[in-house]
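Reading through the structure tokens given below for one structure.
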Number of protein chains: 2
Amino acid sequence: MTELDAIDSALLALLQNDGRRTNRELATLLNIAPSTCLERMRALRRRGLIVGYHAQVDLAAIGRPLQALIAVRVRPPNRAVIDGFRAFVEELPEVLSVFVVSGGDDFLIHVAVKDTDQLQALVLDKLTRRKELADVRTSLVYEHLRKTEIAPL
Amino acid sequence: MTELDAIDSALLALLQNDGRRTNRELATLLNIAPSTCLERMRALRRRGLIVGYHAQVDLAAIGRPLQALIAVRVRPPNRAVIDGFRAFVEELPEVLSVFVVSGGDDFLIHVAVKDTDQLQALVLDKLTRRKELADVRTSLVYEHLRKTEIAPL
DNA sequence: ACTGAAATCTGACTTAC
DNA sequence: GTAAGTCAGATTTCAGT
């Protein structure tokens with residue numbers, strides 16, 4: 001990791017808050033020339049600090065207002081089983097993200113569905129059909145806050 | 001929720017994969033006129049389907065390679081306590097996102113830190129200082145996969 | 001590494017189908 | 001709702017500091 005100067009940090013913050021800001025606007029806000037700003041922006045991508053730019057969709061607005069976290073234990077919890085189950089879960093359309101974790105559980109699966117029927121169908125028809133699955137616990141997500149701006153500590 | 005036609009869906013997918021695509025490029029990919037594409041894009045924002053555009057940063061590249069999920073129970077788990085604790089957690093710089101959940105735990109906190117010392121300091125010095133905190137369990141995150149493209153089910 | 005000007009391209013708007 | 005045309009403004013390159 002190469003160090004971030006004040007301009008890089010500010011640019012990262014601006015692009016995390018609005019990834020479609022124009023280069024000219026960014027340059028004005030940072031008090032640098034547009035050409036300089038463009039080069040900084042590209043450098044952040046080249047150096048791997050910025051991985052990509054993504055539109056954020058409203059889950060409720062696309063008809064998936066119900067979120068849940070599903071804790072899963074698999075048996076035996078070796079690499080082959082973990083990798084196999086992860087690959088399976090990754091392909092499920094209900095899934096938003098998958099955490100492979102240490103501790104009591106092996107997976108934490110964040111899902112968004114239309115209603116409780118779809119959630120039940122996911123757990124009872126899709127997940128429990130897997131033979132390696134040893135335990136499932138489903139928690140409803142009442143609220144999910146995600147930080148948009150992430151800075152070095 | 002108003003219905004999404006084929007163009008809207010395709011546009012959503014493209015912008016989730018690369019939020020900085022130009023209107024012209026999007027129009028070409030969708031085989032529609034740029035003016036039409038632009039109007040569709042704005043409509044998605046106006047209708048609330050697209051909430052924003054964000055640059056995605058590499059956590060390891062900014063010096064935060066260690067992720068954890070911290071399950072927390074608070075006491076008593078009423079609205080005042082839940083809201084107070086959530087507001088507190090939200091402000092911690094280590095935190096990436098906060099799930100308020102049903103079930104055994106009240107919160108699941110996703111954090112990214114520099115090393116295990118910072119993780120220990122977060123849990124032992126910051127979280128456990130809160131009097132409402134009844135229980136904490138920390139799981140290391142070995143891997144976190146996040147879907148970039150989310151579609152209606 | 002940053003700047004500033006020049007050429008090119010994009011996006012916003014109007015008009016018409 | 002979609003397409004074409006126009007022009008202001010943005011992006012990008014490059015020579016210069």
Side-chain angles (χ1 to χ4, degrees), chain A residues 1-64 148-153, chain B residues 1-64 148-153:
Chain A
M1 175 202 178
T2 47
E3 270 310 311
L4 289 178
D5 66 12
I7 294 177
D8 288 328
S9 303
L11 195 48
L12 266 186
L14 288 169
L15 287 171
Q16 283 183 87
N17 283 314
D18 183 357
R20 277 193 81 88
R21 279 206 171 93
T22 64
N23 182 60
R24 193 171 205 273
E25 191 183 350
L26 293 166
T28 305
L29 291 166
L30 298 174
N31 286 309
I32 57 177
S35 47
T36 306
C37 189
L38 186 65
E39 183 44 36
R40 291 290 193 131
M41 215 171 137
R42 285 182 175 161
L44 287 175
R45 246 189 178 290
R46 228 183 301 117
R47 291 200 275 159
L49 290 153
I50 291 179
V51 179
Y53 298 89
H54 309 287
Q56 185 193 347
V57 306
D58 186 317
L59 291 166
I62 60 168
R64 298 172 62 175
T148 53
E149 188 182 325
I150 294 155
L153 290 179
Chain B
M1 174 201 179
T2 45
E3 271 309 311
L4 290 178
D5 66 12
I7 293 177
D8 288 329
S9 303
L11 195 48
L12 266 186
L14 287 170
L15 287 171
Q16 284 183 86
N17 283 314
D18 183 358
R20 276 193 80 87
R21 279 207 171 95
T22 64
N23 181 61
R24 194 165 210 270
E25 190 184 349
L26 294 165
T28 305
L29 290 167
L30 297 174
N31 287 311
I32 58 176
S35 51
T36 307
C37 188
L38 189 64
E39 183 44 37
R40 292 292 192 129
M41 212 170 141
R42 284 182 176 158
L44 288 175
R45 247 190 177 289
R46 229 184 302 118
R47 289 200 277 160
L49 290 152
I50 290 181
V51 178
Y53 297 90
H54 310 286
Q56 185 193 348
V57 305
D58 185 318
L59 292 166
I62 60 168
R64 299 172 63 176
T148 53
E149 189 182 323
I150 294 154
L153 288 180

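Keep in mind that what you see is a predicted model, and the values were worked out from it rather than measured. Numbered from 1 within each chain, the chains take letters A, B, ... in sequence-line order.
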[atom1] of [X] versus [atom2] of [N]: gap in Å, rounded?
X	N	atom1	atom2	answer
B:Asp5	D:dG1	CG	C1'	10 Å
A:Arg21	D:dT11	CZ	P	13 Å
A:Leu38	C:dC9	CG	P	16 Å
B:Arg42	C:dA12	CZ	C1'	7 Å
B:Glu39	D:dT2	CD	C1'	11 Å
A:Leu26	D:dT12	CG	C1'	15 Å
B:Arg20	C:dG11	CZ	C1'	14 Å
B:Met41	D:dG1	CE	C1'	19 Å

inquiry  = I'd like to know if B:Ser35 reaches the base of C:dG11 with its side chain such that a donor and an acceptor end up less than 3.5 angstrom apart.
reply    = no
Between [X] and [Y], is there a donor-acceptor pair closer than 3.5 Å when you use the side chain of the first and the backbone of the second?
X	Y	value
A:Asn23	A:Pro34	yes
B:Gln56	A:His54	no
A:Arg20	B:Arg21	yes

key: Reported CG-to-CG distance for the pair B:Leu12 and B:Asn17, which is rounded to 0.5 angstrom   = 11.0 Å
inquiry  = Let me confirm one number: the CG-CG distance from B:Leu15 to B:Leu49, rounded to the nearest 0.5 Å.
reply    = 11.5 Å
query = Is any NZ, NE, NH1 or NH2 atom of the basic residue among B:Glu39 and B:Arg46 found under 4.0 Å from an Asp or Glu carboxylate oxygen of the other?
reply = yes
query = At under 4.0 Å between heavy atoms, what does A:Arg40 touch on the DNA or RNA strands: base, sugar-phosphate, or nothing?
reply = sugar-phosphate
Please list each protein N or O that sits under 3.5 Å from an N or O in nucleotides 8-10 of chain D, with the distance.
{"unit_1": "D:dA10", "atom_1": "OP2", "unit_2": "A:Arg24", "atom_2": "NE", "d": "3.1"}
{"unit_1": "D:dA10", "atom_1": "OP2", "unit_2": "A:Arg24", "atom_2": "NH1", "d": "3.4"}

